[in-house]
Amino acid sequence: MKTLDYIRVVLIQPTHPGNIGATARAMANMGVSQLVLVDPVDFPSPVATARAAGADEILDNALVVDTLDIAVADCTLVIGTTARSRSIKWPEKSPSKAVETFKTGQHSKIAYVFGRESSGLTNEELERCHFLIRIPVEESFSSLNLASAVTVILYEIRKQLLQSTEEMTVKSDKLATAEEMRHFLEHLEQFVKKIEFSDGRSSKLQRKMARMFNRIHMYAQEVRMVRGLFKSVEDKLDGKY
Ligand code: SAH
């Protein structure tokens with residue numbers, strides 16, 4: 001099978017270098033090569049290299065960045081992974097349904113985002129995700145080891161693609177990227193403040209707006225159109241015309 005080069009594994013602030021190594025090993029097993037580490041606590045590390053068991057190339061090529069926004073900037077689909085449900089419900093899919101969403105070949109780069117060993121993903125990070133997936137393990141003991149979660153999820157992708165006879169080809173890259181969506185949501189927040197609809201981020205409004213726009217899965221052109229609309233209202237309020 002062709003390397004799944006459009007799949008990116010993003011680990012947020014992993015604490016244990018052993019988990020980074022075990023993740024690289026699982027990625028090599030499953031044919032996925034892009035690893036991005038957001039502010040890792042201890043990397044590079046001989047412990048990571050030992051646990052990678054030969055998947056050194058993935059560790060050597062791993063990108064270390066400061067924020068999730070940088071890690072997923074060019075992705076058109078950002079999938080969060082979680083061991084637990086959240087107070088504001090975010091859309092959830094099963095690991096297998098998640099793969100179905102990109103079998104159509106509409107996405108050029110897809111990120112699977114994994115949280116910290118101690119506390120998972122923050123709500124802010126969750127807002128960057130189109131939807132979440134939870135591996136359906138026992139409710140009473142729902143938290144898998146980080147690298148085990150990576151293994152199960154990548155196996156699900158691999159299994160489905162092996163079953164699928166159609167070659168996954170990228171048809172279009174016109175969907176808005178994570179970076180375009182972030183700028184859009186920042187603009188929306190400013191706009192909401194400007195028209196005094198609400199004080200923006202302090203309320204739950206912004207999170208709900210992010211959830212709605214992620215669900216729609218906007219095209220880049222639609223993002224530009226709605227931002228143009230905000231701009232035109234802003235200009236009017238500023239008395240520009
Ligand atoms: N105590 C943390 C658990 C973190 S486990 C919490 O309450 O969120 C570290 C990471 O492994 C999680 O952030 C998630 O990315 C992944 N993970 C663990 N269990 C998972 C599960 N059942 N389904 C999907 N991802 C899981």
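Atoms within each ligand, like the ligands themselves, are counted from 1 in listed order.
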Quiz item: Given the rule that I, L, V, M, F, W and Y join up when any side-chain heavy atoms are under 4.5 Å apart, are Ile79 and Leu4 in one cluster?
Solution: yes

Quiz prompt | Candidate list Val32, Ile7, Thr81, Leu144, test side chain to side chain contact (heavy atoms under 4.5 Å, CB included), partner Ile153, passing option | solution = Thr81

Self-check item: Separation of Arg207 CZ from Glu127 CD (nearest 0.5 Å)
Solution: 4.5 Å

List, for ligand 1, each N/O atom that has a protein N/O partner under 3.5 Å away, with both atom names and the distance.
{"from": "ligand 1", "atom 1": "1 (N)", "to": "Ser118", "atom 2": "O", "distance (Å)": "3.2"}
{"from": "ligand 1", "atom 1": "7 (O)", "to": "Arg84", "atom 2": "NE", "distance (Å)": "2.8"}
{"from": "ligand 1", "atom 1": "8 (O)", "to": "Arg84", "atom 2": "NE", "distance (Å)": "3.0"}
{"from": "ligand 1", "atom 1": "13 (O)", "to": "Gly115", "atom 2": "N", "distance (Å)": "3.1"}
{"from": "ligand 1", "atom 1": "15 (O)", "to": "Thr81", "atom 2": "O", "distance (Å)": "3.4"}
{"from": "ligand 1", "atom 1": "15 (O)", "to": "Thr81", "atom 2": "OG1", "distance (Å)": "2.5"}
{"from": "ligand 1", "atom 1": "15 (O)", "to": "Gly115", "atom 2": "N", "distance (Å)": "3.0"}
{"from": "ligand 1", "atom 1": "19 (N)", "to": "Leu144", "atom 2": "N", "distance (Å)": "2.9"}
{"from": "ligand 1", "atom 1": "22 (N)", "to": "Ile135", "atom 2": "O", "distance (Å)": "3.3"}
{"from": "ligand 1", "atom 1": "22 (N)", "to": "Ser142", "atom 2": "O", "distance (Å)": "3.0"}
{"from": "ligand 1", "atom 1": "23 (N)", "to": "Thr82", "atom 2": "O", "distance (Å)": "3.1"}
{"from": "ligand 1", "atom 1": "23 (N)", "to": "Ile135", "atom 2": "N", "distance (Å)": "2.8"}

Quiz item: Do we see a donor-acceptor contact under 3.5 Å between the side chains of Asn19 and Glu117?
Solution: yes

Practice problem: Any pair with a residue in residues 35-70 that passes ring-ring contact (aromatic ring centres under 6.0 Å, His included), sequence neighbours left out, goes on the list, sorted by first then second residue, please. | Solution: none

Self-check item: Axial cation check for Phe131 ring with Lys93, 6.0 Å and 45° limits
Solution: yes

